Protein chains: 2
Amino acid sequence: MKLERHAKIIELIGKYAIETQEELAGRLNEAGFRVTQATVSRDIRELGLHKLRDDGGKYLYVSTRSRHGVNMSNKLATISPNR
Amino acid sequence: MKLERHAKIIELIGKYAIETQEELAGRLNEAGFRVTQATVSRDIRELGLHKLRDDGGKYLYVSTRSRHGVNMSNKLATISPNR
DNA sequence: GTTGAATATGAATTCAAA
DNA sequence: TTTGAATTCATATTCAAC
């Protein structure tokens, strides 16, 4: 089920430093969700997740919504160009 | 010169909706900076730029620093997982 | 230290299938 | 409507050259 998988994805990116969609697909499969990178790619878009470089230069998938349910999309807008 | 090119990149991503590094390289070349995608990739890392999906699903390069010189890296930290 | 060409890697999309 | 395999596309890196 897609909804459960989405919830699991949010959980996984909070718990682990997920660097690639393949890695996320692997974690999902370990958790019993049989999916491929193609599906993970779609899930990430639907969830509005972003891949950002951290201070160490590594890429990580992160959510734009905090644990407290606050939508951070306005903060993302803040760092967007004023166009 | 790299410094001038970096400044031009900041200007360009503020002025245009740059979707790919190839596109940015093209704009730079129009502006007289002869560079390839490989160099643009390095510049983007050095400048701390990020590629984000906007509300319409399109990808855009954005800066983490506002026009007013405020470093937004703490806001990025805010949307990062609490790890 | 900087760069480009070539390559490797990662991600989005297509297209068929269910 | 969702999915995976294959493909295309975008980006990071390697490696040589300067």
Side-chain angles (χ1 to χ4, degrees), chain A residues 1-65 73 76 79-81, chain B residues 1-65 73 76 79-81:
Chain A
M1 163 85 86
K2 198 201 240 183
L3 274 177
E4 293 176 33
R5 193 178 65 235
H6 280 192
K8 177 58 78 173
I9 287 175
I10 296 296
E11 177 192 330
L12 286 170
I13 69 165
K15 199 183 234 170
Y16 303 103
I18 308 281
E19 297 184 47
T20 67
Q21 296 186 356
E22 293 286 1
E23 182 184 349
L24 182 50
R27 294 278 189 188
L28 285 168
N29 276 279
E30 287 171 14
F33 297 90
R34 299 198 56 220
V35 287
T36 64
Q37 175 264 325
T39 296
V40 168
S41 172
R42 294 174 190 118
D43 286 348
I44 284 171
R45 175 168 40 76
E46 289 162 12
L47 286 166
L49 304 182
H50 298 274
K51 190 178 194 177
L52 294 180
R53 250 186 319 276
D54 67 12
D55 292 337
K58 272 178 35 173
Y59 277 97
L60 298 177
Y61 279 99
V62 299
S63 173
T64 60
R65 293 165 197 277
S73 58
L76 283 178
I79 65 167
S80 294
Chain B
M1 163 85 87
K2 200 202 237 181
L3 275 177
E4 294 175 32
R5 194 179 63 235
H6 280 193
K8 176 59 76 173
I9 287 174
I10 297 297
E11 177 193 330
L12 286 171
I13 68 165
K15 199 184 239 173
Y16 304 103
I18 306 281
E19 298 184 48
T20 68
Q21 295 186 357
E22 293 285 1
E23 183 184 348
L24 182 50
R27 295 278 189 187
L28 285 168
N29 277 279
E30 287 173 14
F33 296 91
R34 299 198 56 217
V35 287
T36 65
Q37 176 265 325
T39 296
V40 168
S41 173
R42 295 175 190 117
D43 286 347
I44 283 171
R45 174 167 41 76
E46 290 163 12
L47 286 166
L49 304 182
H50 297 275
K51 189 177 194 176
L52 295 180
R53 249 186 320 274
D54 66 13
D55 293 335
K58 272 178 36 173
Y59 278 98
L60 297 178
Y61 278 100
V62 299
S63 173
T64 60
R65 294 165 197 277
S73 59
L76 282 176
I79 65 168
S80 294

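Chain letters run A, B, ... following the sequence lines, proteins first and then strands; every chain starts at 1. Given the structure is predicted, the values throughout are model-derived calculations rather than measurements.
With a heavy-atom cut-off of 4.0 Å to chain B, the contacted part of DNA chain D has its first and last nucleotide at dA10(D) to dT14(D).
At the heavy-atom level, Ser41(B) lies under 4.0 Å from base atoms of the strands shown.
When all heavy atoms of Lys51(B) and Tyr61(B) are compared, the closest pair comes out as CB-CE2, 3.8 Å.
Separating the CG atom of Leu3(B) from the C1' atom of dT3(C) is a distance of 16 Å, rounded to the nearest angstrom. Straight-line distance from the OH atom of Tyr61(A) to the P atom of dG10(C): 10 Å, rounded to whole Å. In this structure, Ile44(A) places its CD1 atom 7 Å from P of dA11(C), rounding to the nearest Å. For Arg45(A) and dA11(C), the CZ to C1' distance is 12 Å, given to the nearest whole Å. Nucleotide dA11(C) holds its C1' atom 14 Å from the CG atom of Asp43(A), rounded to whole Å.
Each of Val40(B) and Tyr59(B) was assigned the nucleotide of DNA chain C with the nearest heavy atom; the assignment lying further toward the 5' end belongs to Val40(B).
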Atom pairs and distances, donor-acceptor, side-chain atoms in residues 2-13 of chain A, under 3.5 Å, two or more places apart:
{"residue": "Lys2(A)", "atom": "NZ", "partner": "Glu46(A)", "partner atom": "OE1", "Å": "3.2"}
{"residue": "Lys2(A)", "atom": "NZ", "partner": "Glu46(A)", "partner atom": "OE2", "Å": "3.4"}
{"residue": "Arg5(A)", "atom": "NE", "partner": "Asp43(A)", "partner atom": "OD2", "Å": "2.5"}
{"residue": "Arg5(A)", "atom": "NH2", "partner": "Asp43(A)", "partner atom": "OD1", "Å": "2.9"}
{"residue": "Arg5(A)", "atom": "NH2", "partner": "Asp43(A)", "partner atom": "OD2", "Å": "3.1"}
{"residue": "His6(A)", "atom": "NE2", "partner": "Asp43(A)", "partner atom": "OD1", "Å": "2.9"}
{"residue": "His6(A)", "atom": "NE2", "partner": "Glu46(A)", "partner atom": "OE1", "Å": "3.3"}
{"residue": "Lys8(A)", "atom": "NZ", "partner": "Glu11(A)", "partner atom": "OE1", "Å": "3.4"}
{"residue": "Glu11(A)", "atom": "OE2", "partner": "Lys15(A)", "partner atom": "NZ", "Å": "3.4"}

Let me check something: any side-chain donor-acceptor pairs from residues 22-30 of chain A under 3.5 Å, sequence neighbours excluded? List them with distances.
{"residue": "Glu23(A)", "atom": "OE1", "partner": "Glu19(A)", "partner atom": "N", "Å": "2.9"}
{"residue": "Asn29(A)", "atom": "ND2", "partner": "Ala25(A)", "partner atom": "O", "Å": "2.7"}
{"residue": "Asn29(A)", "atom": "ND2", "partner": "Val35(A)", "partner atom": "O", "Å": "3.0"}

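Every side chain to side chain donor-acceptor pair (under 3.5 Å) that Gln37(B) has, sequence neighbours left out, goes to Gln21(B).
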Please list, for nucleotides 14-18 of chain C, all pairs of protein and nucleotide N/O atoms separated by less than 3.5 Å.
{"residue": "dT14(C)", "atom": "O4", "partner": "Arg42(A)", "partner atom": "NH2", "Å": "2.7"}

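Between Lys2(B) and dG1(C), a side-chain N or O to OP1/OP2 separation shorter than 4.0 Å is absent. Thr39(B) has a side-chain polar atom (N or O) that falls below the 4.0 Å cut-off from OP1 or OP2 of dG4(C).
Sorted by residue number, the members of residues 21-35 of chain A with any non-hydrogen atom under 4.0 Å from DNA chain D read Arg34(A), Val35(A).
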